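Below you'll find the structure I mean.
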Protein chains: 2
Amino acid sequence: MSKKYCYDYPHPAVTTDIVVFTVKDRELHTLLIQRGIEPYKNCWAIPGGFVLENENIDLCALRELAEETGVKNIKLRQLAAYGMPKRDPRGHVITIAYYALIKADDISMKHGSDAADAKWFKIKELPKLAFDHDIILNDAQKALSQGLYDLDNLTVFELLEDKFTIPELQIYFEALSQKTFDRRNFSKKIKDVFPLQDTGDLRKNGPHRPSKIFQLVI
Amino acid sequence: MSKKYCYDYPHPAVTTDIVVFTVKDRELHTLLIQRGIEPYKNCWAIPGGFVLENENIDLCALRELAEETGVKNIKLRQLAAYGMPKRDPRGHVITIAYYALIKADDISMKHGSDAADAKWFKIKELPKLAFDHDIILNDAQKALSQGLYDLDNLTVFELLEDKFTIPELQIYFEALSQKTFDRRNFSKKIKDVFPLQDTGDLRKNGPHRPSKIFQLVI
DNA sequence: TCAAAAGTGTTCTCTTTACACCCATGC
DNA sequence: GCATGGGTGTAAAGAGAACACTTTTGA
């Protein structure tokens, strides 16, 4: 199967890469795969792969993510395109990067998929990454923390079940933005920005007053 | 020259498109070219073209823009990648879109370049555009107006000479954001956000009090 | 002397920040 | 009963919006 795809004009290769974030144990994590093949064999990398013929790039990202990590049915946001000629030793590869936020337990993280291994890493304890993936990951984190209060976006709520408590929400906001907030001000602001509804139920959660359970309206 | 570029894997074609904005007569304009070839022959389009082998995508955008419109030495900002398989009738073409803001008189807008014709259009009086360029243009305008007060960006100042007056600045801000501002509040805010220095000179500009001339520091 | 646009300062409102006390639970 | 974290309101500060009068020029 050598050189069977031919064109009138030179075509650089195109890949998609997907930076997947989650919050576990109050800390921001990202999903990496260990590369099974050269280049950068055994090195950790952002999941991703080549765009197929006539494949929508958004769907390519979803497909590659599912193949390499088992993660499905999530909402991707486009980050940027990276096209330095030297970024891939195999030749000119342009990558279109995406990012997403998901619940950590959405993933069965099964072995036996294309990637040798897929694993959550704390954002503060990353291994050395393949290609320019350190730059991409850094840009993704910036984009993530900027869109937190965007009502059209609702990234954070992809981390939560339908019903949640305000302190729970605060944990996620703090992990995502790498900041801490005053409990009272956070509660006020969050109720102001997002349409939250008090379900009337309480969640007992330890040796202290139970917290109210809310849900997002529409 | 048929089918002489061959690869092991399918490679979609990659182009860059560049949305160039300016402000003339207090109105936002964009630079379009009239296509000389099919598809969409004679239709107006955003300038752009194919990425060459091993060509940095940012440099490709600059090159295509220079070839098609004569515009050089400007700062581009990446907007997004567009990759719907049906967006180009010739096949799967992924485009990486950029946008820029320049002085209207930076352009000699000479004929004899690759494009049949290049012309400024008022953003409110656009012709029908080729491909999905209406969507790209719309996204670019949104991105442009969002970055106006970003000190790391300084887009607006690309429209101005080194020295400028506050009322002049206000005209540009209003055209770019499609809003109007109170003169007094605008003056205060702008001096607050950007490091402006009063040069001590005045600009006489009609039958009224002359305005102070400022410059951006660093 | 008049019209046109530029310069400037104050008040009010709203948003954001800072901060303290009481409450329900599990051990 | 006590430690733990959750619930809430108020005062102060800062940012943004509203607003009016004086100044300089050219005709």
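The structure presented is a predicted model; accordingly, all values stated were derived computationally and were not measured. Below, chain A is the first sequence line, B the second, and so on; all start at residue 1.
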- Task: Decide side-chain contact (heavy atoms from CB on, under 4.5 Å) for A:L144 and A:F21; before the verdict, give the C-alpha distance in whole Å, the side-chain angles of both, and the deciding distance to 0.1 Å.
- Result: CA-CA 9 Å; A:L144 177 68; A:F21 292 106; 3.6 Å; yes
- Partners of B:H133 by ring-ring contact (aromatic ring centres under 6.0 Å, His included), sequence neighbours excluded? B:F131
- Item | Carboxylate-amine/guanidinium proximity below 4.0 Å for B:D182 and B:R184 | yes
- Would A:F121 and A:L129 count as a side-chain contact (heavy atoms from CB on, under 4.5 Å) if you check the C-alpha gap in whole Å, the side-chain angles of each, and the deciding distance to 0.1 Å? CA-CA 12 Å; A:F121 283 84; A:L129 297 181; over 6 Å; no
- Message: Going 5' to 3' along DNA chain C, which are the first and last nucleotides with any atom under 4.0 Å from a heavy atom of chain A?
- Response: C:dT17 to C:dG26
- Message: Counting only heavy atoms and a strict 4.0 angstrom limit, can you tell me which residues of residues 184-206 of chain A come near DNA chain D?
- Response: A:R184, A:K188, A:K191
- Item | Verdict with reasoning, B:E161 to B:R203, per salt bridge (charged side-chain N to carboxylate O under 4.0 Å, His left out) | CA-CA 13 Å; B:E161 304 298 329; B:R203 178 174 303 168; over 6 Å; no
- Message: Taking side chain to side chain contact (heavy atoms under 4.5 Å, CB included) as the criterion, tell me which of A:K122, A:E174, A:Q141, A:K124 meets it with A:L28.
- Response: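 Answer to the side chain to side chain contact (heavy atoms under 4.5 Å, CB included) test with A:L28 among A:K122, A:E174, A:Q141, A:K124: A:Q141.
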- Query: Is it true that a side-chain atom of B:Q78 and a backbone atom of A:A80 form a donor plus acceptor pair closer than 3.5 Å?
  - Reply: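 Between the backbone of A:A80 and the side chain of B:Q78 there is no qualifying donor-acceptor contact (under 3.5 Å).
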- Query: Going by distance alone, is a donor N or O of one side chain under 3.5 Å from an acceptor N or O of the other, for A:Y82 and A:D139?
  - Reply: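 Checked: A:Y82/A:D139 side chains pair up, N/O donor to acceptor below 3.5 Å.
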- Item | Residues forming a ring-ring contact (aromatic ring centres under 6.0 Å, His included) with B:F186, sequence neighbours excluded |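 B:F186 satisfies ring-ring contact (aromatic ring centres under 6.0 Å, His included) with B:F173, B:F181 only.
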- Task: Keeping to residues at least two apart or across chains, list the salt bridge (charged side-chain N to carboxylate O under 4.0 Å, His left out) pairs with something in residues 209-218 of chain A.
- Result: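 Non-adjacent pairs meeting salt bridge (charged side-chain N to carboxylate O under 4.0 Å, His left out): A:D198-A:K212.
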- Which residue lies toward the 5' end of DNA chain D, A:H208 or A:K212, if each is placed at its nearest nucleotide?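 It is A:H208, whose closest nucleotide lies nearer the 5' terminus.
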- Item | Start and end of chain A contact along DNA chain D [non-hydrogen atoms, under 4.0 Å] | D:dA3 to D:dT10
- Closest nucleotide of DNA chain C for B:E168 versus for B:D182: which of these residues is on the 5' side?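 The residue mapped nearer the 5' terminus is B:E168.
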